[in-house]
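Here the structure is laid out as structure tokens; the discussion comes afterwards.
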Protein chains: 2
Amino acid sequence: MSPRFAFTITATDGRARTGAIAMRRGTIRTPAFMPVGTAATVKAMKPADVAAAGADIILGNTYHLMLRPGAERVARLGGLHDFMGWSKPILTDSGGYQVMSLADLTKRSEEGVSFKSHLDGTRHLLSPERSIEIQRLLGSNIVMAFDELVPTTATREVQAAAMERSMRWAKRSRAAFDGGGDHGANNAIFGIQQGALDEGLRKASADALIDIGFDGYAVGGLAVGEGQAAMFGCLDFAPGQLPADKPRYLMGVGKPDDIVGAVERGIDMFDCVMPTRSGRTGQAFTREGPINLRNARFAEDQTPLDPACGCPVCTTWSRAYIHHLVRAGEILGAMLMTEHNIRFYEDLMADLRNAIADGTLTAFADAFRGRYQRGKGE
Amino acid sequence: MSPRFAFTITATDGRARTGAIAMRRGTIRTPAFMPVGTAATVKAMKPADVAAAGADIILGNTYHLMLRPGAERVARLGGLHDFMGWSKPILTDSGGYQVMSLADLTKRSEEGVSFKSHLDGTRHLLSPERSIEIQRLLGSNIVMAFDELVPTTATREVQAAAMERSMRWAKRSRAAFDGGGDHGANNAIFGIQQGALDEGLRKASADALIDIGFDGYAVGGLAVGEGQAAMFGCLDFAPGQLPADKPRYLMGVGKPDDIVGAVERGIDMFDCVMPTRSGRTGQAFTREGPINLRNARFAEDQTPLDPACGCPVCTTWSRAYIHHLVRAGEILGAMLMTEHNIRFYEDLMADLRNAIADGTLTAFADAFRGRYQRGKGE
């Protein structure tokens, strides 16, 4: 029988690592990028195409799914995997980030966060216990602890208090997970390090999480507007505070060059809406930098989105055709752009894994950045 | 080498016929349904999935394509087939219908119709010669003659005048087609019978078209609000006025029961936006009648859209999931609904072809109508 959760590092290069997480629903090659399937769908893609693009795992959003269609309903329908037709692992976030950024009339207390749904105004509570229960009802394979978020611009005192509360909530999350029947036997739970950009707070948070014990550890509270330099500054110390033998997950990151820099700093897992959201707004990722397909210069460009890409979109259609679809507001435009962008991200992860295995990560990363930054300047 | 255009009838049942049109780009099994690919895309579907659903040919819209991306541009990009990634036959309409229903400030004359684009206000002319030129630039395999449309509620005098002008335009269309270089060697041209619901006008129109000579003949001017009974009344005589050894195409039709009744009356080809448009507004076609997936009764319905359907959507996802996608406004909802609906239409055509070949069309049609109408009453 496959293991519940087994992380193996097969090679390292500097602080970077490559390997795999073995789970009952499948193996996750690391460093891994998880496409975001907010509302039980990776927007504008069929699940089989998400897998074919190279994704070993996707992310589902607790906040969105608890409101629509509802966690109890998903459970009655057999869980998120059967509901959406995705058989590989699913990681669910805890709802902590979305409840603060999307919900109306939030009220925080030691118990949790009460709020009004942005969809229909109904009143809900998210607490560590309820968040874990929802993730169990969804059938999540990697469950995230429920945490409290404050802006990176808040004072150190506010950051410290939020981090300390998040650590108390991490302990309650772990207890709820362990008390949740077969949950603990089949799935994994990650803790989330907080502490903003402060090395001391990050260390205290890491120590508290290690004391509780988790299957993996996320670096939370970054990619919220602090900028790449500040984020990389934090990633110069934060991953090293977390156990070396467990996966490290940088939540909500990021742009391709963010991911490259974070892998160099020891991160193993990523999720971001960028490839899917950009795909719906006309931005395609290429090895020479991002391009906006709405631009008139692509109207008769017969090359593929990325001439170096082997995805089904790039081997079939031209920039000229996709320019036409995007300009005409055609759904197929969003479909093709999203499929290419997900493939671009998954190809980047494969290239990073190969470079680490070969011991050539620095050369790969420098060459990638050079090409990518030049393209952005165009 | 494949023939330019060869229509073979392999079986008849009453007035209905089944057979095939052999063309260089592929064979079209008749009776045939052509999904509509207005703006160089069958909305929300990849071309490979359109073919996999059973479509042998799709329709492109001259009016939309001449305005965006432009016929000359499509020609520079290698033609519509390469542009959109569809290798099988394409039929293009003449633009005559859309210019009257969509364009602004139309001015009709014997020369043609001048109008302002509904997209950007630019001024254009559609004439028989320009329509055929556009269809040639697009690389159309079945070109439609340019005709003039008037409402079915117009007086007989107005109907007669429009029909007579359409016949003069049919002659000019044929001449433009024949003068268009390799066009005549590789592709086919259909004339369009007009005359509203008047048997005498329809006969005069048919005779004029036969005198010119076409590869196939369309019954035009129907399905414009006259109702099914009036349409079937016209179809009781109109197809019989056209040559028995050429394909007969009923433009813009229709609902599944419209198609069944028209096949019984000797029609061989159809096109309609209904399966694609309905797919984007939550209506699914089933053998028990149409259902609206927005309806709350589907929220926990674990059966497929149509339990009798073998399409990739029905073998993977539940009504409950698609209800969720439609309610949430997810692109995947439009994708899955469209794919199922196109497959439903193509399966219906296959069932009709088989029933004609077996000599059981009446029994099939009566059983289909019985189930379908009961379902509509639910």
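In what follows, every chain begins at residue 1, and chains take the letters A, B, ... in the order their sequences are listed.
Contact annotation for residues 331-341 of chain A against chain B (heavy-atom separation below 4.5 Å, listed by residue number): I331(A), L332(A), A334(A), M335(A), L336(A), E339(A). Below 4.5 Å, heavy atoms of chain B meet heavy atoms from F83(A), M84(A), G85(A), all part of residues 81-88 of chain A.
When heavy atoms are compared at a cutoff of 4.5 Å, Q302(B) approaches chain A solely by way of its side chain, counted from C-beta outward. With a threshold of 4.5 angstrom between heavy atoms, A299(B) approaches chain A through its backbone and through its side chain. Neither the backbone nor the side chain of L119(B) comes within less than 4.5 Å of any heavy atom of chain A.
Each of V74(B), L77(B), V42(B) has some count of heavy-atom pairs under 4.5 Å with chain A, and the biggest count is that of L77(B). Heavy-atom pairs under 4.5 Å with chain A were tallied for R73(B), R280(B), K43(B), K46(B); the largest tally goes to R73(B). Of the residues considered (R327(A), M45(A), H324(A)), H324(A) shows the highest number of contacts with chain B, using heavy-atom pairs under 4.5 Å. Interface check for chain B: of the options P47(A), P69(A), A320(A), the most heavy-atom pairs under 4.5 Å are formed by P69(A).
Within 6.0 Å of atom CZ in R277(B), 12 or fewer heavy atoms from other residues, nucleotides or ligands are found, so the atom counts as exposed in its surroundings.
The minimum heavy-atom distance between A39(A) and E330(B), with the atom names listed, is CB-OE2, 3.6 Å.
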